Number of protein chains: 2
Amino acid sequence: MASRRTTILDVARAAGVSSATVSRVINGATTVDKELSRRVQAAVQDTGYVPDALGRSLRRGGASQIAVVAPDSENPYFMQIISEVERIARTQNHTVTVAHTEDDLGLERECFRQLLGRRVSGVLLVPVDSARTDLAPLIDAGIPVVLVDRAVDGAATDVVATDNLDAGRQAARHLHERGFRAPAVIAGPPTLRTTEDRATGFLATWRERGVEVGPEALLRGDLHVESGRVATEQLLADGIADCLYVTNNRMSAGAFEALRGRAQVPALFATDDDLWTRLVTPSVSVVHQPVRATSRAAARMLGQRIADPDEEPSTTLLRSKIIERDSTRPRGREEDG
Amino acid sequence: MASRRTTILDVARAAGVSSATVSRVINGATTVDKELSRRVQAAVQDTGYVPDALGRSLRRGGASQIAVVAPDSENPYFMQIISEVERIARTQNHTVTVAHTEDDLGLERECFRQLLGRRVSGVLLVPVDSARTDLAPLIDAGIPVVLVDRAVDGAATDVVATDNLDAGRQAARHLHERGFRAPAVIAGPPTLRTTEDRATGFLATWRERGVEVGPEALLRGDLHVESGRVATEQLLADGIADCLYVTNNRMSAGAFEALRGRAQVPALFATDDDLWTRLVTPSVSVVHQPVRATSRAAARMLGQRIADPDEEPSTTLLRSKIIERDSTRPRGREEDG
DNA sequence: AGGGTGCCGGTAAACGTTTCCTGATCATCG
DNA sequence: CGATGATCAGGAAACGTTTACCGGCACCCT
């Protein structure tokens with residue numbers, strides 16, 4: 001009952017060889033005799049031996065693990081990243097570990113310390129804060145880091161993100177070309193670069209096109225559904241905008257809720273091609289972020305950086321794409337329940 | 001430049017003590033002199049020492065890792081589980097690793113082998129197949145396993161799942177009480193117990209209540225959106241049902257798409273309280289699975305089982321809850337775009 | 001036939017911890 | 001004052017691998 005785990009020595013004994021030979025066979029060395037190799041393989045089968053990853057990693061000087069670190073599990077990138085990075089990891093015999101930083105810099109730092117201690121071979125990180133996240137511990141230890149979605153100021157690492165400024169510009173162009181002239185936008189917290197860039201690009205484009213936009217055109221939410229609804233209701237009360245761009249997916253849902261069932265609402269332009277946007281009536285036009293492509297690119301980049309650590313860091317920006325649906329068509333007939 | 005990693009020996013030298021003492025201080029042993037302890041702590045700070053998790057785990061005979069294994073990343077439980085299990089893991093100084101089995105028994109088996117080699121302290125598993133998943137390798141190695149969402153035949157492990165039979169019954173009762181009399185249901189693949197149980201409970205309840213249900217009332221999809229749409233269109237062509245219960249969330253969306261904009265459609269009863277169900281018109285009644293509660297219960301159970309491995313396995317069933325919306329109200333007025 | 005040259009398998013060290021055991025120091029007690 | 005015990009730090013073994021190094025053997029060349 002007190003059966004020890006079967007180790008490489010047990011296999012060696014069973015096959016009548018030394019542990020070195022067993023190790024060689026397991027790791028596919030060619031320098032071992034056919035006959036011995038056969039005996040070892042048989043012994044492995046018989047004993048049901050599974051090499052211990054801990055001993056192996058210790059000896060090899062590094063766990064074959066890739067870490068995925070993101071602020072929260074609601075982050076749309078998170079699941080995609082895991083899924084993509086796992087595909088890459090499998091081909092390189094790596095495993096995947098995850099951690100959430102819960103938008104907390106302290107937790108993030110602690111998390112980095114952990115990763116350091118575990119000798120991970122690379123980190124895919126959605127940083128908590130562009131300005132205050134400190135990558136130094138990881139960088140100094142020579143651990144490759146690829147940033148996803150958000151950059152970190154002054155960090156010499158790879159970055160894969162979407163071109164948010166451009167996303168905002170595209171939204172503005174689209175609405176302007178459809179004849180709308182009184183824009184409004186719901187942004188997030190000012191320190192969050194992604195939503196802020198979208199809002200900035202959006203407003204700048206209108207101004208470039210000679211449309212006057214006052215400060216009342218810029219509303220703010222906290223990224224959650226409810227805040228989108230509140231902001232939109234306020235906008236409706238003011239009642240001057242003829243179109244509304246919402247800079248993240250959850251607030252978009254809130255905005256739609258506020259608009260639903262009302263007559264004469266502004267055209268809604270949402271963010272992210274979530275399922276509901278095409279199921280609702282009217283269907284909602286969106287700026288579709290290339291989430292999958294971004295995740296894939298990030299995973300690839302990390303894989304490559306792990307294989308070849310001394311290359312120059314690069315920044316990859318992916319373009320968003322507009323999906324036009326009914327909510328922004330020039331004169332959708334109104335319907336109501 | 002070729003700076004070695006700082007090890008416990010470096011700290012020991014810096015503090016003028018032995019590695020044993022450093023280890024004791026780090027692990028909070030009380031048997032160390034105040035003064036020495038202080039010196040060691042200072043040395044740790046100075047050298048920026050982070051204990052190596054590999055050496056530690058090797059010596060301790062087990063990595064402090066919890067694995068989360070699920071068929072695919074679209075599984076609604078997956079993210080929730082990760083998030084919940086991480087909370088538990090943090091309090092027990094464990095880390096979390098993930099793996100997808102991609103609905104592939106071979107991959108699942110390989111995955112188990114890996115986990116075995118990595119000496120994980122516990123596994124949270126959404127099994128690929130109730131009948132053919134083989135837990136023996138993990139069980140034999142004494143690794144605690146908690147099954148989530150789906151049971152595995154004949155496995156003596158903890159299970160946390162929702163009572164799917166009951167979910168189907170609730171749906172049937174609800175529709176029957178609203179006056180509907182010609183039910184239909186979209187099930188999944190026959191071997192998938194969750195959707196099958198829902199369908200079974202649903203149909204059984206109608207029969208118990210004296211409603212004749214023929215085999216044509218049972219449609220099947222492959223769990224994806226598109227298959228829900230196809231099945232629903234077929235149902236509409238036959239045109240006899242006055243209400244439709246869909247047993248998973250993605251097929252529900254497909255069903256809604258097929259129904260949208262048509263007059264005189266059957267009442268739709270969907271599964272999972274996804275965002276879109278309350279945004280669309282008419283809003284869709286759902287059987288809400290307690291995903292968060294299930295995940296949390298599973299994580300707790302695993303934490304407990306790791307702490308105390310020799311307890312009797314238990315099965316926890318959580319009840320689903322009905323959320324009534326417009327789609328199943330007796331005579332919703334029809335609207336159309 | 002003897003020595004050189006490869007080939008291949010084994011011995012043992014090393015990876016970085018933790019922890020058992022021993023030994024030293026000191027206090028207390030007989 | 002000596003012996004016993006308690007306390008605490010260090011030496012060294014152990015966890016399970018991989019791999020550098022070495023030695024033995026067979027073969028070939030001179």
Side-chain angles (χ1 to χ4, degrees), chain A residues 2-41 43-44 47-65 93 114 116-121 141, chain B residues 2-41 43-44 47-65 93 114 116-121 141:
Chain A
S3 66
R4 265 172 48 273
R5 192 187 156 75
T6 75
T7 96
I8 200 172
L9 285 172
D10 301 321
V11 180
R13 256 188 298 277
V17 298
S18 81
S19 66
T21 304
V22 178
S23 175
R24 283 192 268 257
V25 170
I26 288 174
N27 296 296
T30 57
T31 87
V32 73
D33 186 80
K34 284 283 177 201
E35 162 63 11
L36 278 195
S37 174
R38 208 190 44 69
R39 253 165 49 205
V40 168
Q41 310 229 20
V44 167
T47 55
Y49 169 67
V50 179
D52 184 306
L54 292 157
R56 173 177 288 183
S57 296
L58 178 58
R59 177 61 226 244
R60 289 197 176 151
S64 298
Q65 276 199 327
N93 273 322
Q114 282 255 354
L116 219 61
R118 285 159 57 200
R119 309 258 207 115
V120 297
S121 18
Chain B
S3 67
R4 264 171 51 271
R5 194 186 154 76
T6 75
T7 95
I8 201 173
L9 286 172
D10 300 321
V11 180
R13 254 188 298 278
V17 299
S18 82
S19 68
T21 303
V22 177
S23 175
R24 282 192 271 258
V25 170
I26 288 173
N27 294 297
T30 58
T31 89
V32 170
D33 185 80
K34 285 283 177 201
E35 163 61 11
L36 279 195
S37 174
R38 208 190 43 69
R39 252 166 47 206
V40 168
Q41 309 229 21
V44 167
T47 55
Y49 169 67
V50 179
D52 183 306
L54 292 158
R56 171 177 289 184
S57 296
L58 177 58
R59 177 60 227 245
R60 288 196 177 153
S64 296
Q65 276 200 328
N93 272 322
Q114 282 254 353
L116 220 62
R118 284 159 57 201
R119 309 259 206 111
V120 297
S121 14

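Everything quoted here is computed from the prediction, not taken from an experiment. Letters A, B, ... mirror the listed sequences (proteins, then strands); counts begin at 1.
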Taking the side chain as C-beta and beyond, is there a heavy-atom pair between B/S64 and B/N93 under 4.5 Å? no

Would you classify B/L54 as touching base, sugar-phosphate or nothing, given that sugar-phosphate means primed atoms plus P, OP1 and OP2, and contacts are heavy atoms under 4.0 Å? nothing

hbond_proxy A/R24 side chain to C/dG10 base (donor-acceptor, 3.5 Å cutoff): yes

Mark yes or no for a side-chain to base donor-acceptor pair under 3.5 Å between A/R59 and D/dT17, with no hydrogen or angle criteria applied.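 Flag unset: no donor-acceptor pair detected.
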
Does A/A53 offer a backbone N or O that forms a donor-acceptor pair with the side chain of B/R118 under 3.5 Å?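 Side chain of B/R118 to backbone of A/A53, a donor-acceptor pair under 3.5 Å: no, none is there.
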
Mark yes or no for whether A/R5, through its side chain, and A/V50, through its backbone, hold a donor-acceptor pair below 3.5 Å. yes

If you check the [X] side chain, which of [options] turns out closest?
| X | options | value |
| --- | --- | --- |
| B/T7 | D/dG16, C/dG9, C/dT17 | C/dT17 |
| A/A20 | C/dG16, C/dT11, D/dG10 | C/dT11 |
| A/R119 | C/dC15, C/dG9, D/dG10 | C/dC15 |

Between A/V44 and A/Q41, is the side chain to side chain contact (heavy atoms under 4.5 Å, CB included) condition met? List the steps. CA-CA 5 Å; A/V44 167; A/Q41 310 229 20; 5.6 Å; no

So, is A/S19 close to the C/dG10 phosphate, meaning a side-chain N or O under 4.0 Å from OP1 or OP2?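 No.
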
Does a nitrogen or oxygen in the side chain of B/R56 sit under 4.0 Å from OP1 or OP2 of C/dG16? no

Protein-nucleotide distance ([X], atom [atom1]; [N], atom [atom2]), rounded to Å:
| X | N | atom1 | atom2 | answer |
| --- | --- | --- | --- | --- |
| A/R118 | C/dG16 | CZ | C1' | 17 Å |
| B/R5 | C/dC15 | CZ | C1' | 11 Å |
| A/E35 | C/dG9 | CD | C1' | 14 Å |
| B/I8 | D/dA14 | CD1 | P | 19 Å |

Taking for each residue the nucleotide of DNA chain C bearing the nearest heavy atom, is the 5' side occupied by B/D52 or by A/T21? A/T21

More 5' along DNA chain D: B/L36 or B/L58, using each one's nearest nucleotide? B/L36

Return whichever of B/T30 or A/V22 has its heavy-atom-nearest nucleotide of DNA chain D closer to the 5' end. B/T30

